[in-house]
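Report on the following structure.
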Amino acid sequence: MRLMLNLFRAYPLASFLMLVALLLSGLAEGLGLSALLPVLKVALYHNEPGSGPQEPPGELELMVLDLLAWLGIPPTLGPLLLLIVVASTFKALLLLLAQRQVGYTAAQLATDLRLAVLRHMMRSRWAFFLHQPVGKLTNTMASEAQRASDAYVNGATAITFLIQSLVYAGVAVAVSWRAALVSLIAGVLIIGGSHFLVRITRRAGRKQTQLMISLMSRLTDTLQSVKPLKAMAREELADRVLNLETNKLNKALRRQVFSAAALNSAQDLMFTAFIALGVYLALEQFSMDLATVMVLVVALGRAFSFLGKVQKQYQKLMQGESAYWSLLDTIDQARRAEEPLGGGAEPVLRQGIRFEQVDFAYDGHPVFSGLDLDIPVNSITTLIGPSGSGKTTIIDLLIGLLRPGVGEVRIDGMALDQLDLKAWRRKIGYVPQETVLLHDSILHNVTLGDPDIDEARVIQALQDAGAWEFVEGLPEGIHTQVGERGGRLSGGQRQRIAIARALINRPQLLILDEATSALDPASEQAIVATLRELRTRLTILAISHNTALAEAADRVYRLEPRGRVELQA
Ligand SMILES: Nc1ncnc2c1ncn2[C@@H]1O[C@H](COP(=O)(O)OP(=O)(O)OP(=O)(O)O)[C@@H](O)[C@H]1O
């Protein structure tokens with residue numbers, strides 16, 4: 001129920017409207033039911049209501065008769081039945097209104113949660129983001145957000161049923177408070193007795209949330225490495241890894257389904273047995289009036305039935321609740337890891353970039369100490385060096401994704417910490433080591449969906465990246481779909497699209513992290529020629545294992561293991 005309170009606070013107006021509609025619909029339902037007693041008396045005794053042979057009219061009956069008198073309607077069968085129909089219509093309309101509100105809020109909740117996860121993850125520190133398994137994030141956004149939204153619907157439905165149950169119990173109290181009190185105690189005992197089944201579901205729900213996170217992480221990892229698995233005929237490895245997780249998940253699901261079914265059967269049985277006993281005692285032992293007993297059976301029967309439904313909805317709420325808390329926890333962790341975005345000064349790059357006595361370590365493992373580096377504007381600087389020597393780390397420090405432990409990265413003399421980091425990043429065109437294209441057209445892959453970029457600019461960027469020649473030759477040109485992760489293009493073609501993507505926003509600094517590694521010598525030469533031309537208008541920093549980029553560079557820094565850096569040219 002903590003979840004419902006949380007959500008009521010998050011969506012106060014929607015929740016208030018829902019509750020008002022539910023309460024009014026409950027009142028309308030109660031009114032309809034209250035008219036049942038006089039109707040039965042008229043039908044059973046063919047007489048005026050209130051003049052039955054057995055008992056003087058009760059309070060409830062008098063209340064309905066007073067209402068009819070006030071409305072100027074005669075208390076005969078026709079108007080009484082009409083009153084029931086009108087009250088039911090009101091109830092149905094108000095319930096529909098409340099449920100529509102619940103539906104809107106639930107959909108809004110799922111969207112808000114998904115956006116919050118995405119937004120906070122995007123704003124988090126790079127080191128934090130690197131530790132997040134992709135599968136966990138997809139699971140959070142797809143499955144957990146949906147389960148949390150379903151849990152809200154279950155909670156709201158439980159409240160609807162609870163109100164309806166209270167209305168029926170209220171009518172029963174008005175008819176005979178003694179019978180109602182005994183029934184209430186029995187109801188509480190039945191609900192309390194079967195509550196252990198709800199607890200089983202809650203535990204199974206928590207287990208399901210944990211297992212789904214782990215399963216989805218493994219699944220995405222596996223799907224990303226299908227090619228080597230297939231190439232080496234080792235698909236069954238994936239099967240084995242996933243089998244264990246899915247079996248555990250199956251067990252949790254089985255427990256959930258069984259406890260839900262057990263609750264259903266146990267409740268039905270106990271409620272029916274109790275009502276049968278009640279009818280027997282009322283008619284045989286206490287010689288109660290038949291019409292009164294019939295109304296009591298209807299009112300208490302429905303009150304019990306709704307109370308049972310409250311418990312079942314609560315059980316479902318428990319299933320989904322853990323997904324909501326897990327999702328909030330993910331959001332909270334990302335929020336606490338929010339990346340500081342610098343001091344706010346406008347960055348200017350007219351002279352150059354300088355690393356001054358930079359020390360950097362990953363979790364206590366030093367990569368550099370006292371690193372000095374100069375990257376002058378309008379030139380090509382290339383970093384070379386063995387794998388693991390720290391080339392990518394230098395780039396991450398320059399982008400501001402990582403912070404130096406000691407020393408400064410300066411842009412035109414200004415420390416990166418003092419700059420508006422986002423404004424600095426907007427000046428950068430970045431081509432990563434592993435090119436991942438989106439499952440969309442070449443146009444979309446270059447613009448990344450920015451509607452302000454026109455086709456002419458895309459073609460220019462493709463020309464600058466040396467990609468236009470092959471794109472022009474494709475049947476649908478820039479509208480060609482590249483397939484999943486760009487699978488319909490060759491490695492070199494994908495890299496050139498990625499370079500065009502980096503150039504599209506006319507950056508001042510172009511960073512290429514081994515971006516030409518998949519190119520054949522001719523394509524690489526073409527790119528190098530392009531970079532030489534671009535050098536007149538932008539600053540280029542490249543990591544390369546290939547000689548062509550090193551030869552074209554104005555400066556080459558060779559990185560050695562243990563953080564030594566040598567300027568070669
Ligand atoms: N996120 C990380 N957490 C911990 N250690 C890391 C992390 N990223 C890199 N390292 C370590 O830091 C060192 C430098 O890594 P970096 O990726 O900068 O090297 P690189 O020169 O770019 O290598 P390559 O040429 O293979 O891409 C390596 O020893 C690496 O193991």
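Whatever order the structure lists ligands and atoms in, that order sets their numbers, starting from 1.
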### Task
Taking only heavy atoms of Val367 into account, list the atoms of ligand 1 that are under 4.0 Å away from them.
12 (O)
### Query
Taking both backbone and side-chain atoms of Thr392, is any N or O found less than 3.5 Å from an N or O belonging to ligand 1?
yes
### Task
Report, in ascending order of atom number, the atoms of ligand 1 lying under 4.0 Å from any heavy atom of Gly390.
14 (C), 16 (P), 18 (O), 19 (O), 20 (P), 21 (O)
## Note on the structure
In terms of its nearest heavy atom to atom 6 (C) of ligand 1, the top option of Tyr362, Phe360, Phe368 is Tyr362
### Query
Charged N to carboxylate O below 4.0 Å: is that the case for Glu560 and Lys391?
no
### Close approach of Gly385 to ligand 1, heavy atoms, under 4.0 angstrom
no
### Message
Students should be able to answer this: which protein heavy-atom is nearest to atom 27 (O) of ligand 1, and at what distance?
### Response
Gln433 NE2, 3.3 Å
### Query
Does Glu514 approach ligand 1 within less than 4.0 angstrom via side chain, backbone, both or neither, non-hydrogen atoms only?
side chain
### Query
Between Arg125 and Glu338, does at least one N-O distance fall below 4.0 Å, as a salt bridge requires?
no
### Message
Could you identify the single nearest non-hydrogen protein atom to atom 26 (O) of ligand 1 and state the distance to 0.1 Å?
### Response
Ser387 OG, 2.6 Å
### Query
With a 4.0 Å cut-off, strictly under, does atom 30 (C) of ligand 1 pick up any protein heavy atom?
no
### Query
Of all the atoms in ligand 1, which lie at a distance below 4.0 Å from a heavy atom belonging to Thr393?
14 (C), 15 (O), 16 (P), 18 (O)
#### Entry: Flag for Tyr324-Asn6: side-chain donor and acceptor within less than 3.5 Å
yes
#### Entry: Side-chain H-bond candidate by donor/acceptor type, Glu144 with Ser326, under 3.5 Å
yes
### Query
Is it true that the side chains of Gln319 and Thr201 contain a donor and an acceptor less than 3.5 Å apart?
no
### Task
Using the ring of Trp468 (Phe, Tyr or Trp, six-membered ring only), decide whether Arg496 places NZ or CZ under 6.0 Å from its centre and within 45 degrees of its axis.
no
### Task
Among all protein heavy atoms, pick the one closest to atom 25 (O) of ligand 1 and tell me residue, atom and distance.
Lys391 NZ, 2.8 Å
## Note on the structure
Numbered in order shown, the ligand 1 atoms found under 4.0 Å of a heavy atom of Leu130 are 1 (N)
### Query
Looking just at side-chain N and O atoms, do Asn445 and Arg501 make a donor-acceptor pair shorter than 3.5 Å?
yes
### Query
Between Trp126 and Phe129, what is the ring plane arrangement, given parallel below 30°, perpendicular above 60°, and tilted in between?
parallel
### Query
If you measure from the Lys or Arg side-chain nitrogens to the Asp or Glu carboxylate oxygens, is any gap between Asp554 and Arg535 under 4.0 Å?
yes
### Query
Among Gly388, Ser389, Ala361, whose heavy atom sits nearest atom 13 (C) of ligand 1?
Gly388
